[in-house]
Amino acid sequence: MKLATKIQDTLKTAFGNGLLMSEGQAHRDRRRVIQPAFGPDRMAEYLAVMHQVTEERAARWRLGQVLDVAKEMNHLALEIVTRSLFDARLGEEATLAFHRALPDLVKGQIVQSLYPHPALARLPLPVNRRFDAAVRVLNQVVDQAVNGPTGDGDSAHHAGTLPALLRAATDPATGRPLTEADVRSEAITMFGAGTETVSTTLTWLIDELLRHPQVAARVLAELDEHLPAGTVPTPEALARLGYTRSVTQEVVRLHAPNAFLMRTAQVPVTLGPYRIPAGTELLYSLTALHRDPARYPDPLRFRPERWQDGGAGRQSFLPFGAGKHKCIGESFAWAELTVAATAILRRWRPVAVPGARAREVVWTTVQAQGLRVRLAPRETRGPRTGGAPAPETCPIPPPRLPHPHSELAATTARHAEWAIGHGLLTRTELPRYQAYALPELIGHAYPRTRGADLDLLVDMLGWFTVLDDRFDGSPGRRPAEARAIVDPLIDALNGREPSTGEDQLLTAWRDLWDRQISAMSPAWRARAAREWRTCLATFPAEAEHRGHGTVPRLGLAETMRLRRHGSCLYPFMNILERVHGADAPAALHADPALHRLRAHTADAATLINDLYSLEREERQGAAAFNTVLTLQRLRGCTRGRAVGAVRARVAQLRTKSAALRRDLLRRHPDGDWYLHGTRELVDGVQAWTSTSHRYR
């Protein structure tokens, strides 16, 4: 007897003679019975359940909490299978018992398959006792899911569950209904095959996104475009997530959850120089196959793009097997990976705990163990106990097009030379500065901008970042030093001619201002100059408060006024008109509703920035103008409550902004590009702040 057959015999102790263990005609018959449970007509219902389960679990997590990712994903995957296929809920005790039993089940399976005689499996050895106990636990948990109360008493609703489907079926070989043992076997198969592999892949997915923040940012941008926050996924929406699918495929390729698969040669087979006789049991490694450099160039590199440039190696990509034994739940598993990851990443930004990254542990599956993350805020929703804000419903918004990587990369290189050439940075400072990924913010916030306007926007943002960083030092606490920096910049806006000995910040600013106003109308120039003056004047004002110790006494309104104008959002909203090539309609500018929309846009982006910059500002030691800290001080509340209040305010601002856009679009349809641009600006700030190293 070959090793593979002995493993299969041991597995039957736990899984019975269900689909996973059956062969030949019995396998084909049972597959036909189960297939309707995974048909396309069921997928929309499953997606809704997957989404709800993940949202509920992620809502129980807390800001700053450290998660054992593998453990959390195990619980999540088990709950998704239980709720989706069985329409049942397991208690926390049953869930913990299931996961505690799995290691003993796996170890017992391996050890018993190596016994020289089957009778050894019946001896009261510790490993055998633990294996038998684990099998009993697995059966008890499955019995609870299959036969336990469903909670709502609606038998019609539960008619489509897997157990109901099996009980209504007949055995094609005998014509008799399937037995309860058959139902249990298939249920156990779904629990065993549908939890650990998916949870392991979700863990690796989070680990790879932590290692590749640019990939994570691109995934989030695609989700924003095709699956707006607060919406339930549909099969059609998932089909549009091309890049996200490539990411999950690359995770599965690099970290195939199955250590090996086994097959029996039905006829003699020649594999290279080897002759395999009929009846031979074969084990093959998916890890080795998926990391074969002949099929996957640079195989150890995480590169989702390999699935978009022709899909090299697709024929040897076999995570779910192949042929008649291909996993029946493949489409369910891909959907589960995408939906669960989407719900988690929209709500939270996992931050790796130092020294706690995922590592491979090989049993019958290649598990991911050791990954721990600290939860930081990602999505700007209301408090955890409330619902998600409704998605924006502006009529036919223009598509969110990501910047071609080559153009953004070229702009980044030009910006580096511009900043160094103007003395804003040295070559040694450049790597740390470039880790901020400022061009990515512009790429998200102005997705259709190209050429010289793209260069201008990136240079403006880089210059403002260098200016802002100067006030982290003594100018941020000494009003005279602050005015010495800002006054010459304002004088340049007022038309003062350059003089000898001007510093690099001022000469770079003159270049930027000339490029901004080139070919723009007098009305636009006056408006842009006015709003730049207001923005720049906030730096001495903040220094006055810090210098005189009045920051702790500032109210929320004054803090928000300073933050709204000091964040540079108004000048960047003006640039929307430059990149469009024309001023927004005068009637739109005169509408009071636009003034409110612009204020909401600036406030929302500023508050998002405050959430992500909070720890950085506290580390700097000086009194910070941050709304989270202001709320803590004014209300005497905890950090978590203050963060929740700011997140709720952002959600409220988004809702109000959406209503204002709809109203303005009805009155000023020719200004739709400007109105949509304000939304993209906030989205861009959020996409960037959640991934940039500037705040880490």
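Treat the numbers as computed from the prediction; the structure is a model and nothing was measured.
- The CG atom of L653 sits 6.5 Å away from atom CG of L607, with the distance rounded to the nearest 0.5 Å.
- R218 places none of its side-chain heavy atoms less than 4.5 Å from the side chain of E222.
- Here the NE2 atom belonging to H600 is positioned 6.5 Å from the CZ atom belonging to R649, to the nearest 0.5 angstrom.
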* Please walk me through it: do D224 and R679 pass salt bridge (Lys or Arg N to Asp or Glu O under 4.0 Å)? -> CA-CA 12 Å; D224 286 341; R679 185 198 65 220; over 6 Å; no

* Could you walk me through whether E680 and R448 pass the salt bridge (Lys or Arg N to Asp or Glu O under 4.0 Å) test, one step at a time? => CA-CA 11 Å; E680 290 175 336; R448 283 164 294 281; 2.7 Å; yes

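- Atom-to-atom distance recorded for D455:CG and T411:OG1 is 4.5 Å, nearest 0.5 angstrom.
- The aromatic ring centres of Y243 and H226 sit 6.0 Å or more apart.
- Residues V353 and V373 have side chains not in contact (no heavy-atom distance under 4.5 Å, counting atoms from C-beta outward).
- In summary, the side chains of Q652 and R647 do not present any donor paired with an acceptor at a separation below 3.5 Å, with no hydrogens or angles considered.
- If you take CG on L569 and CG on D603, they are separated by 9.0 Å, rounding to the nearest 0.5 Å.
- How far CD of E440 is from CD1 of I442: 10.5 Å, rounded to the nearest 0.5 Å.
- Here N626 contributes atom CG and R563 contributes atom CZ; the two are 6.5 Å apart, rounded to the nearest 0.5 Å.
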* To do: Please assess E531 against R527 for the test salt bridge (Lys or Arg N to Asp or Glu O under 4.0 Å), listing each intermediate value before the final yes or no.
  => CA-CA 6 Å; E531 289 174 349; R527 185 169 60 252; 5.4 Å; no

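- N609 and T689 share no donor-acceptor pair across their side chains, judged by distance under 3.5 Å alone.
- Between H444 and W688, the ring center distance fails the sub-6.0 Å criterion.
- Taking the six-membered ring where tryptophan is involved, the planes of H415 and W418 are essentially parallel, since the angle between them stays under 30° and well short of 60°.
- Side-chain N/O atoms of S474 and E481 include a donor and acceptor closer than 3.5 Å.
- Side chain to side chain, N494 and R533 meet the donor-acceptor criterion of an N or O pair below 3.5 Å.
- For an aromatic pair to be called close, the ring centres must be under 6.0 Å apart, and Y674 with H580 fails this.
- Aromatic rings from W532 and W509 are positioned such that their centres are separated by under 6.0 Å.
- Using modelled atom types, one finds a donor on one side chain and an acceptor on the other under 3.5 Å when comparing R661 with T678.
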